[in-house]
Protein chains: 2
Amino acid sequence: MFGMEPEVLERFTWYMREHSALTIMFHTKVAEQMGLSATDEKCLDLAIRAEGPLTAGRIAELSGLSTGAVTGVIDRLERAGYVRRVRDPHDRRKVLVEVTPAEFVKFGHLFEKAQASLVEVLSHFDEAELQVIERYLQLQVETFRKRVIDT
Amino acid sequence: MFGMEPEVLERFTWYMREHSALTIMFHTKVAEQMGLSATDEKCLDLAIRAEGPLTAGRIAELSGLSTGAVTGVIDRLERAGYVRRVRDPHDRRKVLVEVTPAEFVKFGHLFEKAQASLVEVLSHFDEAELQVIERYLQLQVETFRKRVIDT
DNA sequence: GGAATTGTCTTAGCGGCTAAGATGTTCGGC
DNA sequence: GCCGAACATCTTAGCCGCTAAGACAATTCC
């Protein structure tokens, strides 16, 4: 690395580490407030962020859980009303997990607050600076994804 | 929020969300490679990031675990060589958890790779841009911490 | 049509977590 | 100094989620 002083890197490393720890804490707390375990919330997040509905098996792959565990996860999520099991009409062995958006209205305040925090942070920057930050976040997510995959 | 278009906020929200999911995955994988559960690794991280050595009770508070669970966590961390139990000489009821840095040499490659990723990302920005990013990270961590505390 | 494959669910067994109580240490009033 | 209350950690019982292995149902390939 060229003109970067070691202390700069050290500071950035510290931010990363701190941010990671906070993320995990936040994740735990959100799950708690939704009446879910961290595992269940993680699987629900996968289902929400996916393009279409996921199958049970795909959730097992993505989450790293066994298929048996995923059965339990979906049971609990379904009982709590967050998702619905739908048999895939094209392959009736498969179980599609459909997220029921209505159920999230209850927790709107959680996400609103999180978004308000984001807005508050971003409001300290002008348009040009926001572009730098966005470029950074884009790169960071992309690079981080590669890093996670081969860890 | 003033001059910010909705799509910009939407994109930033997406980065946050994606970054969170990746962080949790990374955390899980690092723990796995170190032969620890996510819980154990989380507690170890607390002990590492703390100023001085933490007591068992303080780890329970910070992690949100019961004291009984923390006993088990420290047992496993101690057996694996990551920490050492030291009776506090000033108050012999307390157990200080001392991190043994030597044990982390084995996993140096994990952190080196993570740091290399960070350097790779940062190398795409000039000095002025890095300052913007650092200001952003600082604010983000600070604001996020407040958000986590009252969630 | 029958065998092999695929996707999910079921079950047994293990291990970590909580809650409650046991043990050992310190502090405060006398 | 002594005794009881408060405190820090450990121990135990019971519960619950996870893994692994196998059961069951639907599909695919010959």
Side-chain angles (χ1 to χ4, degrees), chain A residues 24-25 27-29 31-47 50 52-80 82-99, chain B residues 24-25 27-29 31-47 50 52-80 82-99:
Chain A
I24 290 161
M25 268 190 246
H27 174 243
T28 308
K29 287 198 167 189
E32 207 172 294
Q33 295 217 5
M34 294 180 73
L36 299 173
S37 74
T39 301
D40 293 355
E41 207 275 328
K42 184 172 149 191
C43 292
L44 180 55
D45 189 57
L46 284 171
L54 292 174
T55 65
R58 184 87 184 112
I59 291 179
E61 279 176 40
L62 293 173
S63 65
L65 294 171
S66 64
T67 62
V70 170
T71 299
V73 168
I74 301 175
D75 283 351
R76 290 185 295 273
L77 290 179
E78 193 168 36
R79 209 173 315 126
Y82 293 114
V83 304
R84 231 176 30 171
R85 272 187 174 85
V86 182
R87 229 66 226 198
D88 184 338
H90 295 2
D91 182 346
R92 301 223 334 278
R93 290 169 304 179
K94 292 184 183 175
V95 166
L96 298 175
V97 176
E98 227 182 54
V99 179
Chain B
I24 289 162
M25 268 191 246
H27 174 242
T28 308
K29 286 198 168 189
E32 207 172 295
Q33 294 217 6
M34 295 179 74
L36 298 173
S37 74
T39 301
D40 293 355
E41 208 274 329
K42 184 173 151 191
C43 292
L44 181 55
D45 189 57
L46 284 172
L54 292 175
T55 64
R58 185 88 185 109
I59 292 178
E61 278 176 42
L62 293 172
S63 64
L65 294 171
S66 65
T67 63
V70 169
T71 299
V73 168
I74 301 175
D75 283 351
R76 290 185 294 273
L77 289 178
E78 195 169 34
R79 210 174 314 127
Y82 293 114
V83 302
R84 230 176 31 170
R85 272 187 174 85
V86 182
R87 229 66 227 197
D88 184 338
H90 296 3
D91 182 346
R92 303 225 331 278
R93 290 168 305 179
K94 293 183 182 173
V95 166
L96 298 175
V97 176
E98 227 182 53
V99 178

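- Following rounding to the nearest Å, A/L54 (CG) and C/dG7 (P) show an atom-to-atom distance of 14 Å.
- Listed by chain and number, the residues in a side chain to side chain contact (heavy atoms under 4.5 Å, CB included) with B/V73 are B/T39, B/D40, B/C43, B/L65, B/R76, B/L77 (sequence neighbours excluded).
- Qualifying side chain to side chain donor-acceptor pair (under 3.5 Å) partners for B/R87, counting only residues two or more places apart in sequence or in other chains: none.
- Considering only heavy atoms from C-beta on, A/V95 stays 4.5 Å or farther from A/V86 through its side chain.
- Legend: residues meeting side chain to side chain donor-acceptor pair (under 3.5 Å) with B/D88, ordered by chain and number and at least two apart, are absent.
- Contact record, A/A31 with A/S37: CB-O, 3.8 Å, taken as the closest heavy-atom pair.
- Counting only residues at least two apart or on different chains, the side-chain hydrogen bond (donor to acceptor under 3.5 Å, both in side chains) pairs with a member in residues 63-75 of chain A are A/D75-A/R85.
- Both B/R87 and B/S37 lie near DNA chain C, and the one whose nearest nucleotide falls closer to the 5' end is B/S37.
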For nucleotides 26-29 of chain C, list the nitrogen or oxygen atoms of the protein found under 3.5 Å from its nitrogen or oxygen atoms, one pair per line.
{"residue": "C/dT26", "atom": "OP1", "partner": "B/R92", "partner atom": "N", "Å": "2.8"}

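- Looking at B/D45 and B/H27, their side chains never come closer than 4.5 Å, going by heavy atoms from C-beta outward.
- The side chain to side chain donor-acceptor pair (under 3.5 Å) search around B/E32 returns none, not counting sequence neighbours.
- For B/T39 and C/dG16, the shortest distance from a side-chain N or O to OP1 or OP2 is not below 4.0 Å.
- A heavy-atom distance below 4.0 Å to DNA chain C is reached by these residues of residues 58-75 of chain A, ordered by number: A/T67, A/G68, A/T71.
- Rounded to a whole Å, the NZ atom of A/K94 is 17 Å from the C1' atom of C/dC9.
- You can see that DNA chain D meets the heavy atoms of chain A within a 4.0 Å-exclusive cut from D/dG17 to D/dT27, reading 5' to 3'.
- A salt bridge (Lys or Arg N to Asp or Glu O under 4.0 Å) check over residues 58-71 of chain B, counting only residues at least two apart or in different chains, returns the pairs B/R58-B/E61.
- Listed by chain and residue number, A/R84 satisfy the side chain to side chain donor-acceptor pair (under 3.5 Å) test with A/E98 (two or more places apart in sequence, or in another chain).
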